[in-house]
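A, B, ... follow the sequence lines: proteins, then strands. Residue 1 opens every chain.
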Amino acid sequence: MVAGERLVPIPSALGESALAARRKHSLSRFIVNHRVLSAFIVIFVALVLVAVFADALATYNPTKTAPTIKMRSPSGAHWLGTDYLGRDMYSRVIKGAQVSMRVAVIAVSISLVVGVVMGLMAGYFGGLADLLCGRYVDAQLAFPGILLAIAIVNALGPGLYHAMIAVGILGVPLYFRLTRGQVLQAKEQEYVRAAEVIGASRWRIMFRHILPNIANPLVVAASLAGGNAILALAALSFLGIAAQPPTPDWGAMINIGKDYLHNNMWMAIGPGAAIFLTVFTYYMLGDALRDYLDPRLKTR
Amino acid sequence: MSGYDSNNYWQRLAASRVNRRRALGGGAAATSLMALALAGCGSSNNNGGKNNNSGSNPPPSTATSSGGATTAAGTPSGSPAAPPTAQSINAGSPTAAASKVKTGGTMTFGTSRDVTNLDSGKSQDVYSAWVQAQIVEPLFIGTNDFKIAGNTIDKVENPDNTTYLFHLHPGIKYQDGTDFNADSVKWNLQRHIDDKTSVRTADVKPITAMESVDANTLKITVSAPYAPFLSKLTGGAGAMYSQAAFQKLGANLPNDLTAAGSGPFKFTNWDHGNQVVLDKNPAYWRKDANGIQYPYMDKFVFKNIPDENTRLANLRTGDNDWIDTPPPKDIKSILSNPDLVYKQVPGLSFSFVMMETEKDPFQDKRVRQALSYAIDRQTIVDTVYFGTQVVADTEIPGSLFGSVQGPYLKQDIAKAKDLLKQAGKDTVAFSAQYSNAAPVIQQTFELMKDQISPAGFNMSLQPIEFATLVDNGNKGAYQAGGLGWSGAVDPDGFCYQLFHTGAGFNLAHISDPNLDALMDKGQQTLDVGARTEIYKQVMQTLIDLQPFIIYSWGVYQQTTRKNVQNYQIGPSIWPLMHMVWKS
Amino acid sequence: MTGYIVRRVLSMIPVALLVTIALFVLIRLTPGDPVRVILGQEATPQNVKALRHELGLDESYPVQYVKWLGRLAHLDFGRSLASREPVRKAIGERLPATLELGLTGFAVGLIFAIILGTVAAVWRDSVWSRLTTAFSLVFVSLPNFVLGVLLILLFALHWRIFSPGGYVAFSRAPAQNLRYLVLPASVGAVTGAATLSRFVRSSLLEALYTDYIRTARAKGLREFVVVARHAMRNALLPVLTLAGLALGGLWEGAVITETIFTWPGVGRLTVDALGRRDYPIVQAVVLIAAFSYMIANLLVDIAYAYLDPRISYGRR
């Protein structure tokens, strides 16, 4: 995401410098030209803020049970009703944003770091590195993803962080293949040849020259992968092996809430809407970023 | 029903929040077991036929009507469940129900799990047992008032404490045409003795000799008096297979019971993961009072529907006639649905928190007692089970002899704190494991976490897979855990296997010489009065040791469409399925 | 070409071995004892020991692994630990159900994906494009179990058009079978259409900006011909790749759909078997899934080599 901040102007980061006027002008032009992208950047930032300030936004302790008021419909006191143990659904959903944001960041970081490093090495060094990494990724892809995740989580012991590791591992092939393909192209470019000629070390070329130049597709992939990670974790929660109760995890809340659809559908609707909105935002942001960053598609 | 306090149990059940009149209708069903069961045989003991509960309009019931009918049904008062002289259900009176019976049709029963293995020597799950009971009938059955009765056995005599004479019901044939006789029973029991991988070896372990006195009489000698013996033959080891069919099926036996037993239904096919289809056995040996051949239904389908909501939806739409355990949260809506019927009666199971007694922090029994005091059982039952379980704090359910009530029923934080202080602790942090496939247990623990924290307990929750949980339990790789237990129609089934030193399911790893001696004595004593006292002492010891914290007793629940008639609620439901019909 | 295929097939061998080792180790790393699960609550220590020996689980892992490989060489998957049923039979019984559900959902999804993706790419800035893009993003963002539950709630419980779940073999009762099929297949179709239509859109967009399309346009060909004859042919190649791979891993999505709709397929068999630690079944299913994925991959690569002469398969 570091690369993303460099490439995408985030409104709140702009401000009081001497160039403010010019920037403001370019900002409004940016917004007009890229309405969808701007809108989803704003929504995304809002989601991040909700996650960061979840404790302040929650109206009740999200894990405190109150059996006497279980399964209430939305009211002034409980905006999204209460769950099967009388916990405030609004507070749980808000607090769940924190969990899901952590999932996206940690899982995607794992996939990104492992996948990109493997991809760089395989693409740039070729030979044995390419063979080993390639075979590993082939083997992993051959495994049915959800079963691999279940097996990893069970082997490590169920829990949110182990589930994030499993989801992170699931995403490795995507980044590996993306990076490797990009590196193979970049290797033939003149700036790489030039760096080689002046005797830059191979690691330096990989990380200082090639990586920044292939960052765009990775940023797009990261945004899409954030959505994937949240969905994958929801599936693991659905199977009951991710978050430790009473942690307010959206997937786990939907998992239980789905059993109560006839009784109190709000128990599923709140977290369902939250997870949908979040994943939707990640995907839309990824899509819009791709359109923005890919000059070929921008023409016309 | 003498010798223990049944009133208290019934009051607690009655206090549950479910619509009492309908929910407890099954209480009356329990009373009528004898009357119903006897229908086929036409002998003339008229005591039993007090009422007939045909499912749709259960009469209101009370504790006394249940107890009273039990006595009336022919068991000598004062010796409930007297194993040495088990009465046969075949000696009884006809019932009036038969006159309006409608025969034929298909019964579809929605189950939450698939059958795992049809060989009763290789499976222990109830879903397999339900199907087995239809095909390979057991020798004995547990009655709805928690006693043992003969099924294909007419009478049991005990010339002395270690000898049993089984008088078999004459003329029964297996579905492959071979005879059900003393030699056959002997062969069946012997196979569990010989096969060390049979899960029933423990059930037949006391047998030292078997001898066919005549075609229909088998003499069994046991090494020492063993009171739970007949209760072990109500299923599993008591399921009788035709030797010829058994050998013909060979390696297919776990998946195929074609012509294997003498039961009311014949095995047709098992479509794994989907359904087991059974067809009527037209040559079944029982007829009802009006001479109509049992079973009434033509076809019996066990349909596997793992999701509880889908299962209930199938019942609502009429795709299923009958379903396994309903979701507790939906019982209210089931009761208000005119097409559906829900009944429950006290069961033979309990839910518990187990603690590893060999490891910190639960080495000290005062910490275990403190935890037990800190739990608010009533709130758990009301919130998680919607009142469909019975608040409890001891192992043996109130409907069995030997049951007592402990001091933990009401939450007592002050006492919990005090006990912790005595143990030299202010706060205790521990983790609790439970199966991630059991939402109600998860909810229980989430609630418990908040309940016990004022006493100084900080519990973290660890949902894991059931297989891992059992494994961790056996290895002692846990601090606390949540599971359920279902016992047999004998108090021994609620303690020996769980708390005897070295027993197979002693997950708490408790070892107490006094407790071991008591449970041994309970097995070797045949007099019910004496046994009642022994098991009360066992319970008192467990109340003190608290290796398990019991928080509720289970119930038998039946959820059917309105037209399902004449079924049992209680331990005898599965062996007596031949009397069920659809109007 | 033959040389390429031979090399390609040979390269699958180490991957296959890696898969078998990873699979074997991963399952055994998972805590839980199948013998305990089978024997249940009344088990005695002697029972446990006897059964463990009978099932061959008391041998060391390397020995078990080698024996397993040896049996695999004869295409023998062994017997289920729990039901003692031959694994091949257990899977064979469930496969038709999974294939029926998976293929129906997949085929319907693919057709819709091509239609929606084309609309979104060709009329790039129109309302239709926005709508189809929105459709795909909405349903990609919706977890499939939520979709399944919603469908049950609406179509089975509220309107009572379809059954909330169940199965009969097509051969036994075709009409009934189709009635059961509609809802779960819809979940697969909607999810598939949503996922694949995004790829149809992007690869068609890419194809529309290539030189030969510009040439075709410059020649004055009608836009329909340009899209249908020229762009589509090239755009569908990557889509078919993805579709082929999706087909290889078909049953994966079935795990959850089959559970919700009580569809007795391989996905549910696997989850049940995993829960019981029924090693032979889990190993067989994963292995079959892995191999079908690898074979789908191989076929896609070979198809590429035939279809796209620009791709060369000489030694790298």
Chain A contacts, top residue of C:Leu17, C:Val282, C:Val140, C:Leu29 (heavy-atom pairs, under 4.5 Å): C:Val140
Could you tell me whether C:Trp263 atom CH2 has more than 12 heavy atoms of other residues or ligands within 6.0 Å of it? yes
Which atoms of A:Leu132 come close to chain C, meaning under 4.5 Å heavy atom to heavy atom: side chain ones, backbone ones, both, or neither? neither
So, the part of C:Thr133 with a heavy atom under 4.5 Å from chain A: the answer is side chain
A:Met284 and C:Leu137 have their tightest heavy-atom pair at SD-CD1, 2.6 Å
Smallest heavy-atom separation, A:Phe276 atom then C:Val138 atom, equals CE1-O, 3.2 Å
Looking only at A:Thr281, A:Leu231, A:Leu141, A:Ile254, most heavy-atom pairs under 4.5 Å shared with chain C are made by A:Leu141
Given that the side chain runs from C-beta out, which part of C:Ala16 has a heavy atom under 4.5 Å from chain A: side chain, backbone, both or neither? neither
Contact part of C:Arg201 toward chain A, heavy-atom cut-off under 4.5 Å: side chain, backbone, both or neither? side chain
What closest approach, in Å, do A:Ala139 and C:Leu18 show between heavy atoms, and which atom pair accounts for it? CB-CD2, 3.7 Å
Using distance only, find each side-chain donor-acceptor pair of residues 142-161 of chain A under 3.5 Å and give its atom names and separation, not counting sequence neighbours.
residue: A:Asn154; atom: ND2; partner: A:Ile150; partner atom: O; Å: 3.4
residue: A:Asn154; atom: ND2; partner: B:Glu465; partner atom: OE1; Å: 2.9
residue: A:Tyr161; atom: OH; partner: A:Arg102; partner atom: NE; Å: 3.2

Okay, C:Leu142 and chain A: the region with an atom under 4.5 Å from a heavy atom over there is both
Interchain contact, C:Leu23 with chain A, by part (heavy-atom threshold 4.5 Å): both
Checking C:Pro14 against chain A: side chain, backbone, both or neither under 4.5 Å from a heavy atom? side chain
